[in-house]
Amino acid sequence: MPVKAKLKAFASKIKFYLGKSPIIETCEDYKKFIPKPYKAVVTISADFELAWAWQWSKTYNPVELAIEKAKLARKNIPQIIKLCEEYNIPITWATVGHLFLESCEGHKEMFQLKHFENEFWKFDKEDWFINDPNSNYKDSPYWYAPDLINQIIKSSVNHEIGCHTFSHIDCRDEVCDSKVFNDEINECKKEANKHGLTLKSFVHPAHTIGNLDNLVKHGFTNFRTDYRNILGFPKQHENGLWEFEQTAEFVYRKEWSIEYHIFRYIETIKRAIKTNTVAVLWFHPSFPPFVVEQILPEIFNFLNKNRDEIWITTHSMYSDYLNNNCKNQKFNY
Ligand SMILES: [Zn+2]
Ligand SMILES: [Zn+2]
């Protein structure tokens, strides 16, 4: 195991132990953010993207990696849906719009991003959709997922389908102009509409924050950020959007034991209860399957057992609550 990774994992443990991460924010009006009789709010979101997320990653053979990730996500998602039913845990599924499709024949009519590079990706090919198999979900299950979306919609749990753009683009204003962004979102809305769904919650791919005013125009009420790890409160932007700053991503770090992962995520939720704050938790469903078998059930069980104290809700439900109770108010954080 590389020494650097070991040291990083150890430093993270120390910061967590000392209470320095997640940062605990205070607010005089904290009661407005936590509806009675609860002591904390917990949201869990999942970035649902299959192969779309990794196709431009700056690694050797990114498409192969994208397929590997998609295989894991396909294996995990039905299990996660079952677990959510067992413990009644709603998830906000930030869904790549292309996954709604049963089949496609390319997307020539859509505006595309020009070449760009960011921290994680490099796009330098002639066509953004060059890896799209122009096929269907049975033959190419890593690029389409109407079957999984239907499982989520039909579940007894009140999940939310949110938006993660149509093809997992970089949304920053300097990379993505309104024409590209609007095309992407309109495609998502068109497909969601076929299921009677209204998209309200947005997660920018790789947290490439941008096009915020366009989000408002499309009817979104909230988005998630990852600038820091915080147990705090949502912030409302001038355009009305609510920003949910992340508390923690459920990840698997091989330097930590299974027991430590469980301890850490449950302890994070306990701190939210103790400090009357909002925990914004999220994950990529492409983690190793033992996370779903051994770690998630413990977290979900804890949430379920303590649901008298914790409002476990989706991003859009919480945004609706905020719009009814905290809209356009100034808070001292
Ligand atoms: Zn396609
Ligand atoms: Zn993503």
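Atoms within a ligand are numbered from 1 in the order they appear, just like the ligands themselves.
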Whether Asp132 has an N, O or S atom under 2.8 Å from the Zn ion (ligand 1):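 Yes, since at least one N, O or S atom of Asp132 sits under 2.8 Å from the Zn ion (ligand 1).
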
Pair Ser155, Glu85: side-chain N/O donor-acceptor within cut-off below 3.5 Å: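 Per modelled atom types, Ser155 and Glu85 side chains form a pair under 3.5 Å.
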
No-hydrogen, no-angle side-chain donor-acceptor test under 3.5 Å, Glu160 and Ser316: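 A pair is found: one side chain offers a donor N or O, the other an acceptor, under 3.5 Å apart.
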
Distance flag, aromatic centroids of His98 and His107, threshold under 6.0 Å: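 Yes, the ring of His107 comes within the 6.0 Å limit of the ring of His98, centre to centre.
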
Angle at the Zn ion (ligand 2) (to 10°), with one arm to NE2 of His164 and the other to NE2 of His168: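 Computed angle, vertex at the Zn ion (ligand 2), rounded to 10 degrees: 100°.
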
Plane angle bin for His261 and Tyr252 - parallel if under 30°, tilted between 30 and 60°, otherwise perpendicular: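 Rings of Tyr252 and His261: parallel, as their planes differ by under 30°.
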
Vertex the Zn ion (ligand 1), arms to His107 NE2 and His98 NE2, rounded to 10°: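 About 100° at the Zn ion (ligand 1).
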
Option passing side-chain hydrogen bond (donor to acceptor under 3.5 Å, both in side chains) with Arg224 (candidates Thr92, Asp47, Thr43):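 Only one of Thr92, Asp47, Thr43 forms a side-chain hydrogen bond (donor to acceptor under 3.5 Å, both in side chains) with Arg224, namely Asp47.
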
Asp47 backbone or side-chain N/O/S under 2.8 Å from the Zn ion (ligand 2):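 No, since none of the N, O or S atoms of Asp47 sits under 2.8 Å from the Zn ion (ligand 2).
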
Considering only N, O or S atoms of Glu49, the one closest to the Zn ion (ligand 2):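 Relative to the Zn ion (ligand 2), the closest nitrogen, oxygen or sulfur of Glu49 carries the name OE1.
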
